[in-house]
Structures are given as structure tokens and as C-alpha cells.
Amino acid sequence: MSSDDRGDDIPRVGQQPGPGGPDQDVFSPLGIREFAFAGAFGELGAAFLGALRATGAVGESAEAEYQRALDAVRGYPAEDVDRLARRGWEELPEEAYLDRWALVQVLTDLRLAGTADALAAVVATPVPPERYPEGAHRYSTVGEETVIRTTAVEGLARLAADGSTSAVETLVRHVDDDRRGVRAACVLALRELAAPVDLPGLIRSEDADLLEVRRYDVRDVPQVTRVDHIRYPGAGADVRPPPP
């Protein structure tokens with residue numbers, strides 16, 4: 001399917017819905033033009049931008065390129081990385097969702113104990129109201145914001161597994177977060193860490209089911225092997241797939 005066939009309301013890599021229209025271009029590849037703040041951090045800023053770019057790398061060498069970029073950032077003091085990330089989080093425009101996610105993903109994959117404060121700041125930031133009326137787009141800004149924060153929770157879980165007490169404290173604090181997606185991520189992280197906390201006593205009564213949530217490898221989940229028909233929500237009828 002060509003890009004012209006996908007419809008104007010489907011976000012693409014490199015474009016996101018914005019006030020100017022469904023596909024307003026709010027950043028160049030991985031939002032590099034939005035990262036002017038990195039210049040204040042000299043060589044560290046350049047290394048961090050390299051890691052951000054590498055989150056969008058493709059091809060057989062993509063993972064190796066990303067790991068090299070992460071190693072370059074690890075050569076600087078974690079406290080400086082934390083300061084850079086917090087400044088970036090504060091200055092990046094709200095609508096630059098992919099940029100902001102990339103920043104948090106890089107922090108998560110760096111796995112530096114000294115960046116726990118930056119990750120905590122991400123989780124603690126209130127989620128802005130939904131920008132688009134229900135049904136206006138096959139896209140949710142609240143959903144994007146939630147993904148960014150649950151990515152930060154994963155980063156905190158990794159730091160907690162490495163012995164960071166402040167990361168554990170942040171996870172415990174957000175077990176009672178206003179957003180169920182964040183609460184679920186924190187409960188799962190603490191359960192997997194076997195953290196010495198009374199989760200049943202900390203969670204909300206309506207969240208008791210979260211104590212049963214498990215993480216599964218996709219390879220262990222039964223897969224569909226035969227499809228007789230496909231139901232498209234709202235289409236009013238089943239649509240049979242084309243013959244193989």
C-alpha cells in the first residue's frame with residue numbers, strides 16, 4: 001500500500017497530528033531541530049543526540065549502531081546526563097510525542113542509576129487532556145502520553161533491579177497514580193522485582209486485578225493459524241480476506 005492510500009488521518013513516522021492539521025510536521029527525523037537545548041551540554045549533548053537519532057535507525061546494523069551510541073553517552077557522568085534529560089523533558093514541545101518518547105527510551109536503555117530523578121520527573125508529570133474529540137483521529141494524545149510514562153516506569157524498574165532505592169520509592173509512590181496505565185505498570189514492576197512492599201495494602205480496591213497481571217513473551221502466546229473472516233469495527237459486516 002502506498003503512503004497516498006493510507007489516509008490523511010494516520011500518523012506517520014516523521015509526522016504527527018497537530019493544531020495545523022492531522023499530519024502537521026512538528027519535527028525533522030526524531031525531532032532533531034527541537035533539541036536546541038542539547039547545545040548547552042557540549043560533547044555530551046552531541047552524544048545524546050546521536051543516541052536519539054539511533055532510536056530510529058533501520059537495517060541490519062541498527063541495533064549495533066544504537067548500542068554504540070548508548071556507550072558514547074555512558075562515557076559521561078550520569079548526573080550530567082540526568083540534567084540534560086530533565087532539561088529536554090521540560091523544553092520539548094508537548095506535541096513532539098515521538099521526540100519525548102525517544103528521550104525516555106534512551107534513558108531507559110542507558111540504565112544509569114544517576115538518571116532516576118529524570119525518569120521520576122517524567123512519571124510525575126500530569127497527562128494533558130486529550131487533544132482530539134473521540135473518533136476524530138485514529139490516534140490518542142492521552143495514549144501517547146501514557147506510553148511515554150510507562151516507558152519511564154520500565155526505566156525505573158531496571159534501575160530498581162540494579163539496586164536503586166530511589167527508583168523503588170518512585171514505583172511505590174505511583175502505585176496510587178491517577179492514571180491506571182501507570183498504576184498497572186508500577187504494580188507489575190514491583191511484583192517482578194519481588195520488592196519488600198505490601199502491594200495489596202497499597203493499591204486501590206478497584207485495582208485488585210492488577211495483582212494477577214503477568215508479563216508474557218509473545219512467543220509463548222497462542223497465535224492465530226487460520227483466519228476465515230475479518231471483522232472491521234463499524235463496517236457493519238464481516239469481510240473475507242483475499243485468497244492467499
Side-chain angles (χ1 to χ4, degrees), residues 51 55 70 73-74 77-90 92 94 97-98 100-131 134 140-223:
T55 62
L70 291 176
V73 178
R74 292 187 182 110
E79 294 75 13
D80 292 343
V81 178
D82 185 80
R83 288 193 302 110
L84 183 156
R86 280 188 288 169
R87 182 165 171 181
W89 178 250
E90 292 166 0
L92 282 170
E94 179 189 316
Y97 301 107
L98 182 59
R100 294 162 64 227
W101 167 81
L103 184 149
V104 176
Q105 185 64 56
V106 166
L107 282 183
T108 295
D109 291 333
L110 284 171
R111 206 161 178 162
L112 299 173
T115 60
D117 286 347
L119 290 166
V122 172
V123 180
T125 302
V127 171
E130 177 63 49
R131 282 176 168 240
E134 185 176 355
S140 167
T141 60
V142 168
E144 293 288 334
E145 296 285 356
T146 300
V147 168
I148 293 170
R149 286 153 181 78
T150 54
T151 300
V153 169
E154 174 63 25
L156 288 165
R158 294 182 187 183
L159 297 185
D162 294 339
S164 171
T165 56
S166 65
V168 173
E169 290 168 358
T170 299
L171 293 172
V172 170
R173 186 161 59 250
H174 287 281
V175 161
D176 192 36
D177 194 272
D178 290 338
R179 300 148 296 184
R180 179 172 164 89
V182 174
R183 298 200 302 272
C186 289
V187 169
L188 179 60
L190 290 167
R191 289 182 59 256
E192 291 181 338
L193 289 165
V197 296
D198 177 22
L199 275 177
L202 290 172
I203 65 173
R204 302 182 181 189
S205 58
E206 64 266 30
D207 287 341
D209 60 311
L210 296 182
L211 296 174
E212 304 302 322
V213 173
R214 299 288 187 277
R215 192 194 306 266
Y216 290 96
D217 188 310
V218 67
R219 293 167 295 187
D220 296 331
V221 178
Q223 303 295 307

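Considering only heavy atoms from C-beta on, L211 comes within 4.5 Å of P200 through its side chain. Between L210 and I203 there is no side-chain heavy-atom pair separated by less than 4.5 Å. Side-chain contact between L199 and L190: present, with at least one pair of heavy atoms (C-beta onward) separated by less than 4.5 Å. In this structure, the side chains of V187 and V213 stay at 4.5 Å or more apart for every pair of heavy atoms. Residues H174 and V153 have side chains not in contact (no heavy-atom distance under 4.5 Å, counting atoms from C-beta outward). Using a 4.5 Å heavy-atom cutoff, the side chains of V106 and V73 are not in contact.
Summarising the geometry of A152 relative to V123, their closest heavy-atom pair is CB-CG2, 3.6 Å, with the distance given to 0.1 Å. Annotation for W89 and L103: closest pair N-CD1, 4.0 Å, computed over non-hydrogen atoms. Contact between R74 and D109 at its shortest, heavy atoms only, is NH2-O, 2.9 Å. Taking all atoms of both residues into account, the shortest heavy-atom contact from A167 to A160 is CB-N, 3.8 Å. Summarising the geometry of A185 relative to T150, their closest heavy-atom pair is CB-CG2, 4.0 Å, with the distance given to 0.1 Å.
Taking CG from D207 and CG from D176, the interatomic distance works out to 8.5 Å, rounded to the nearest 0.5 Å. Distance check, rounded to the nearest 0.5 Å: OG of S164 to CZ of R111 gives 11.5 Å. In this structure, CG on L107 lies 8.0 Å from CG on L112, to the nearest 0.5 angstrom. Expressed to the nearest 0.5 Å, how far CG of L171 lies from CG of L193 amounts to 7.0 Å. The line from CG of L110 to CG of L119 is 9.5 Å long, rounded to the nearest 0.5 Å. In this structure, T141 OG1 and Y97 OH are separated by 4.5 Å, a value rounded to the nearest 0.5 Å.
The side chain to side chain donor-acceptor pair (under 3.5 Å) search around R149 returns E145, not counting sequence neighbours. Evaluation of the side chain to side chain donor-acceptor pair (under 3.5 Å) rule for T170 yields R173 as partners, not counting sequence neighbours. Checked against side chain to side chain donor-acceptor pair (under 3.5 Å), E192 has the following partners two or more places apart in sequence or in another chain: R215. Residues passing the side-chain contact (heavy atoms from CB on, under 4.5 Å) test with T151, sequence neighbours excluded: W101, V104, Q105, T108, V147. For the side chain to side chain donor-acceptor pair (under 3.5 Å) test, no residue two or more places apart in sequence or in another chain qualifies with D220. Every residue was checked against the salt bridge (charged side-chain N to carboxylate O under 4.0 Å, His left out) condition with D117, not counting sequence neighbours, and none meets it.
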Verdict with reasoning, V127 to R179, per side chain to side chain contact (heavy atoms under 4.5 Å, CB included) = CA-CA 9 Å; V127 171; R179 300 148 296 184; 3.3 Å; yes
How far apart are the C-alpha atoms of R83 and E79, what are their side-chain angles, what is the distance that settles it, and do they pass the salt bridge (charged side-chain N to carboxylate O under 4.0 Å, His left out) test?
-> CA-CA 6 Å; R83 288 193 302 110; E79 294 75 13; over 6 Å; no
Stepwise, does the salt bridge (charged side-chain N to carboxylate O under 4.0 Å, His left out) test hold for D178 with R204?
-> CA-CA 11 Å; D178 290 338; R204 302 182 181 189; 3.7 Å; yes
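For the pair R86 (side chain) and A118 (backbone), a donor-acceptor distance under 3.5 Å is absent.
The residue from R183, R180, R214 that alone fulfils the salt bridge (Lys or Arg N to Asp or Glu O under 4.0 Å) condition with D209 is R180.
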